[in-house]
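Comments concern the structure below.
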Amino acid sequence: MPVIEFQNVSKSFRRHSGRALLRTHISRWFQPTTDEEPFWALRNVSFSLNHGEGLAVIGSNGAGKSTLLSLVAGLAPCDEGHVAVDGRIAALFELGSGFHPDLTGVENIRLNASLLGLSRARVRELFDQIVEFSGIGEFVDEPIRTYSTGMMMRLAFSVAIHLTKS
């Protein structure tokens, strides 16, 4: 059985013509205009990825790479077709997006892991592995704001990849 499978998946977005007042946005919800042509980020995409296989998504800006990854991660629904994922997915769009600069590495591991769906018990089990893989060891009790960008990215990446081990 495939780990990830796309069957004729399409995703579109509405184009916006610049800034609009709040009342304009609200009126569009109740009276959608039919003259706006949607932007199709993906059209009829089909593929399957089996356990142990890799997939590289390459393309120019606006080609639909992030949209495809959003659909895989379940962050957005597709407009047409079907997306099936067998297992857990950790989206790495914005590493460290759940981190708070005033919290320590320890506190941010717990916070970020819980935002990604790990239980407290599972975080306790994986904690030492997360810290070891990140390579921040002696700095784990320091506030994230004192970390270099690389240190923060390594910690965020370590939390995300350990999500798949649960």
Heavy atoms only: give me the nearest Ile109-Val131 pair and the separation to one decimal. CD1-CG2, 3.7 Å

Any sub-3.5 Å donor-acceptor pair from Ser134's side-chain atoms to Arg154's backbone N or O? no

Any idea which heavy atoms bring Val9 and Cys78 closest together, and the distance? CG1-CB, 3.7 Å

Indicate yes or no for a side-chain donor-acceptor contact from Ser158 to the backbone of Ile130 under 3.5 Å, with no hydrogens or angles considered. yes

Closest non-hydrogen atom pair between Phe133 and His162, with its separation: CB-CE1, 3.8 Å

Is there a donor-acceptor pair under 3.5 Å between the side chain of Glu53 and the backbone N or O of Asn50? yes

If we ignore hydrogens and angles and just use 3.5 Å, is the side chain of Lys65 paired with the main-chain N or O of Ile58 as donor and acceptor? no

Between CD1 on residue Ile144 and CG on residue Leu111, distance to nearest 0.5 Å: 10.0 Å

Hey, could you give me the CD1/CG distance between Ile4 and Leu71, rounded to the nearest 0.5 Å? 11.0 Å

Geometric class of the Phe6/Phe47 ring pair [parallel <30°, tilted 30-60°, perpendicular >60°]: parallel

Yes or no on salt bridge (charged side-chain N to carboxylate O under 4.0 Å, His left out) for Glu107 and Arg110, after CA distance, side-chain angles and deciding distance? CA-CA 5 Å; Glu107 294 164 328; Arg110 291 181 184 136; over 6 Å; no

If only atom types and distance count, is the side chain of Asp102 paired as donor or acceptor with the main-chain N or O of Arg145 below 3.5 Å? no

Applying the 4.5 Å side-chain criterion to the ILVMFWY set and letting contacts propagate, would Met153 and Leu116 be lumped into a single cluster? yes

CZ of Phe99 to CG of Leu115, rounded to nearest 0.5 Å, is 10.0 Å

Indicate the atoms forming the closest heavy-atom contact of Ala41 with Thr67, along with that distance. CB-OG1, 3.7 Å

Shared hydrophobic cluster, Val57 / Leu49 (ILVMFWY, side-chain heavy atoms < 4.5 Å): yes

Shortest non-hydrogen contact between Asp86 and Met1, atoms and distance: CB-CE, 4.1 Å

Rounded to the nearest 0.5 Å, how far does CZ of Phe139 lie from CE of Met151? 5.0 Å

Supply the atom-to-atom distance Leu155 CG to Ile136 CD1, rounded to the nearest 0.5 angstrom. 4.0 Å

With no hydrogens and no angle check, is any side-chain donor or acceptor of Ser48 less than 3.5 Å from a backbone partner on Glu5? no

Looking at Ser119 and Arg122, would you say the former's side chain and the latter's main chain have a donor-acceptor pair under 3.5 Å? yes

Please check if atom CD in Glu80 has more than 12 non-hydrogen atoms from other residues, nucleotides or ligands closer than 6.0 Å. yes

How many angstroms lie between CZ in Phe127 and CD in Glu132, if you round to the nearest 0.5 Å? 12.0 Å

Hphob cluster co-occupancy, Val45 + Leu69, side-chain heavy atoms under 4.5 angstrom: yes

Which atom names give the shortest non-hydrogen contact between Ser10 and Trp40, and what distance separates them? CB-CZ3, 3.6 Å

